[in-house]
Amino acid sequence: MQEKYTPSDIEKTAQTHWESTQAFRAVASKAKPKYYCLSMFPYPSGKLHMGHVRNYTIGDVLTRFHKMRGYNVLQPMGWDAFGLPAENAAIQNSVPPAQWTWDNIAYMKQQLQSLGFAIDWSRELATCQPAYYKWNQWLFLRMLEKGIAYKKTQVVNWDPVDQTVLANEQVIDGRGWRTGALVEKREIPGYYLNITKYADQLLDDLDKLPGWPERVKTMQANWIGKSHGVRFAFPYTLDGKEEKLWVYTTRADTIMGVTFVAVAAEHPLAAYAAKNNAELAAFIEECKHVSVMEADMATMEKKGVPTGLFVTHPLTGEQVEVWIGNYVLMGYGEGAVMAVPAHDERDFGFALKYKLPIKQVVAVAGQTFSADAWAEWYSDKQNGTCIHSGKYDGLGYAAAVDAIAADLSAKGLGEKTTQYRLRDWGVSRQRYWGCPIPIIHCGSCGSVPVPDDQLPVKLPEDCVPDGSGNPLHKREDFLNVPCPKCGKPAKRETDTMDTFVDSSWYYARYASKFSETAMVDEETAYWMPVDQYIGGIEHAILHLLYSRFWSKVMRDLGLVNYDEPFANLLTQGMVLNHIFSRHPEKGAIQYFAPEEIDLQKDDAGRITGARAKADGLPVTYQGIGTMSKSKRNGVDPQALIDQYGADTARFFMMFASPPEQTLEWADSGVEGAYRFLKRVWAFGHTLSAQPQCPVPQTLDSALGTIRREVHLTLKQATYDLSKHQFNTVASAGMKILNALEKAQKDGAEGWLSVAQEGFSILLRLLSPITPHIAHVLWQGLGHGDDILTAPWPEPLAAALVQDEIELVLQVNGKHRGSIKVPAGADKAAIEAAALADETTQRFLEGRPAKKVVVVPGRLVNVVV
RNA sequence: GCCGGGAUGGCGGAAUCGGUAGACGCAGCGGAUUCAAAAUCCGCCGCCGCAAGGUGUGGGGGUUCGAGUCCCCCUCCCGGCACCA
């Protein structure tokens, strides 16, 4: 065995061994329990970043740990290969997205392989492969048949200069990211998936997921947002015709406090009012530039204009004025809302601003209402009772809603309904680099589904988008196709699918045999559901919800037999880094990588300014945020791997923090991880020259303590692994080595036997985290051919026993010392020992103790 | 704005149930080895204090023999907000 630790040789040796033994090839088998360990597949952005290393190391640690625990493990990998960055790269470098994507995949795959992950590469897939996305199209057609997929208008961001639809990410401060043009809202047709039909199942089945973090389940439940309320109407007469303005509210108990109603700018009533009113028309035009993003909607200035139109309050018969509000969205609910300024904070602010009446209709005992300022209790449902509400006076929330709903219903003007915040999933994207939607538009037959035997509709792979719309519009060979129904010339749909479709079922495809004739096959039933899914917390809602929905649709079509795709979920925290940018007057924002920046800091270490190294000119410090390609703040792990090796990179990543926690990137601890592995190697090298010797019956007491520490640390580390707390597992490895080195230095009789036993424990404990060094040392020390097949170590009871234990001594809850008692001492004995202690006597000053609290095995507290 | 999460030494973090705050590392300081350096090894290391001791887990209040941990209020940071993935 070589004396010096050389990661490159060691890692090559181990990886060659795994390659030649096909160590990670997963085969369905009833002989062992299965464990499907899946990390979210990466978008092939170019290079791995630290978030990937973190994600995939976590998955690999769990994979290898379960292998050693006797499971039949599957860990696959693939590529979320469609998406916007490929088009952006095409615009910049004139390279077709397909080529750019495949080049990135090749590079990143080699990076993943150099990290030594226990991946079954025979199951690799990329979502841009026709053999994969064919089944997106196939399932979409099944959804069309079942009415789950349907067509309606959608609102998009329109760049009037580039004549193209922009992603939310491409809209910055209301302007197009490349052109700087003011972005407009535009309504265009698109396909939707009826996820709201599954809203109750998606909500209720969260209870079937005990292995998911509570916070993720809470976020999903809130996102679905099931609410019970009342849908009702304000009748009105327009041009002699009886009409109804419908609204939905969860606060029907405040209906007597309605002082106006607000409709969206796109509402028919708004259009009617604006016909002969230039001011209204101008406001509606202004609303076209309101962002479609919820975050912008919620934070923007709420504006409104009265229409001069009135509707009738359904219960009081009073006339209520209709306003147009920029905060009311046509797409949500009815496109109109009732306004109760006294009991809704947003309405309150709006009423103050426009001097609209505020009418209190709910009171809370002991509180005084003032129309001058909002108070939290105004919207309190729990403790309020109705006032100024006629026959409803004195009723609480539930009773008032019941009574009011009954009265509305009797008039045919409303009823109780259940609503969801969740909206149907719009899947059409006006983009090139995605899965084509399998529809053909015929002048006579309308939108015709592509017949199954003509699937997949293949995307031409040689297009180069230039930023001005979808290049498919110019591809005659793609566009022109005979209508499947009538045979006349027709045009293909050029929209592609949301990439969330691609990632909604890839896990099921990994688990099957990549059949050309079926979406999934019978092997899927063996591996699914995923036993452990690992991915970033940023996917807590959308990706996970869409995958759950897609699974339920597949189940209802009889394709799979599970209700939920992911039994256990680990959401890793984001890896963050500094973000630097420059914002030219016109054109795209320019981002700078942290290594391209010189920082200025104040005395407290706060960042006060930044300049680009290249030109010395200032750049904007945007604070800290997720590592991403677009913001150029990712750190490429390659330099780390090249300098220290994969084991150090993996070890450091696990050691840096617990997996669920956000991690601000800093590489200052990498040296320490490398030092540790060098010590592991050196200790292994020392042992390799020694003969095997068993642990004797009796040990020197100091050596016994060391052995006890090793086994105790092992016990703790195994528990920590079950809790997914890998950082303390890494520390446990360090503690064990510290203990073994101490044994060696003390050199007591029998040290070698304790060191050999402890080191074999250490290697197995480390092998999921640093598999290469563990593999080579395990073989080199003659423990066996393959540490992968070695059993996980168990702490020995005999090594853990001790005769005497130390208890913390507190006086009045303050730590004052310690006492030693026999391991089996009972409460009375401990109390006596504590009271007899010198320190206790000093504090008692001759008085009797008021109380003595004994916590077995831990402490004793004397209250004076 | 709304939903979810977080805050512990100079830094990353540890502390199963409410029971010794700071494990394990990084950085720093002192020493050994060396012609010298790198590497390695040994020791010290929350803050105030010469010490006794006091004080300390983002800030304020509360419960308890005892609070980083439980309850109430506040501040700041991160993630998500439906076309980034």
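Chain letters run A, B, ... following the sequence lines, proteins first, then strands; residues in each count from 1.
When rounded to the nearest whole Å, the span between NE2 of A:H539 and C1' of B:A82 equals 14 Å. Put simply, NZ on A:K678 is 4 Å from P on B:U40, counting in whole angstrom units. Here B:C84 presents its C1' atom at 10 Å from CH2 of A:W177, a figure rounded to the nearest Å. The CG-P distance, from A:N861 to B:U64, rounds to 15 Å in whole Å. Atom P of nucleotide B:C41 and atom CZ of A:R679 are separated by 6 Å, given to the nearest angstrom. One interatomic measurement links the two molecules: CD of A:E87 to P of B:A85, which rounds to 9 Å at whole-angstrom precision.
Across all strands, A:V216 comes closer than 4.0 Å to no nucleic acid atom at all (heavy-atom distances).
The side chain of A:V855 sits closest to B:G19 out of B:C26, B:A23, B:G19. Comparing B:G5, B:A23, B:G80 by their nearest atom to the side chain of A:K735 picks out B:A23. Set against B:A14, B:U20, B:C24, the side chain of A:N738 has B:C24 as its closest nucleotide. The side chain of A:F655 approaches B:G12 more closely than any other nucleotide in the set B:G4, B:G12, B:G79. For A:R816, the side-chain atoms get nearest to B:G54 when compared with the rest of B:A85, B:G1, B:G54. Here B:A85 is the nucleotide among B:A85, B:C65, B:C81 with the atom lying nearest to any side-chain atom of A:P85.
Toward the 5' end of RNA chain B, the nearer of the two residues A:E294 and A:E660, judged by each one's closest nucleotide, is A:E660.
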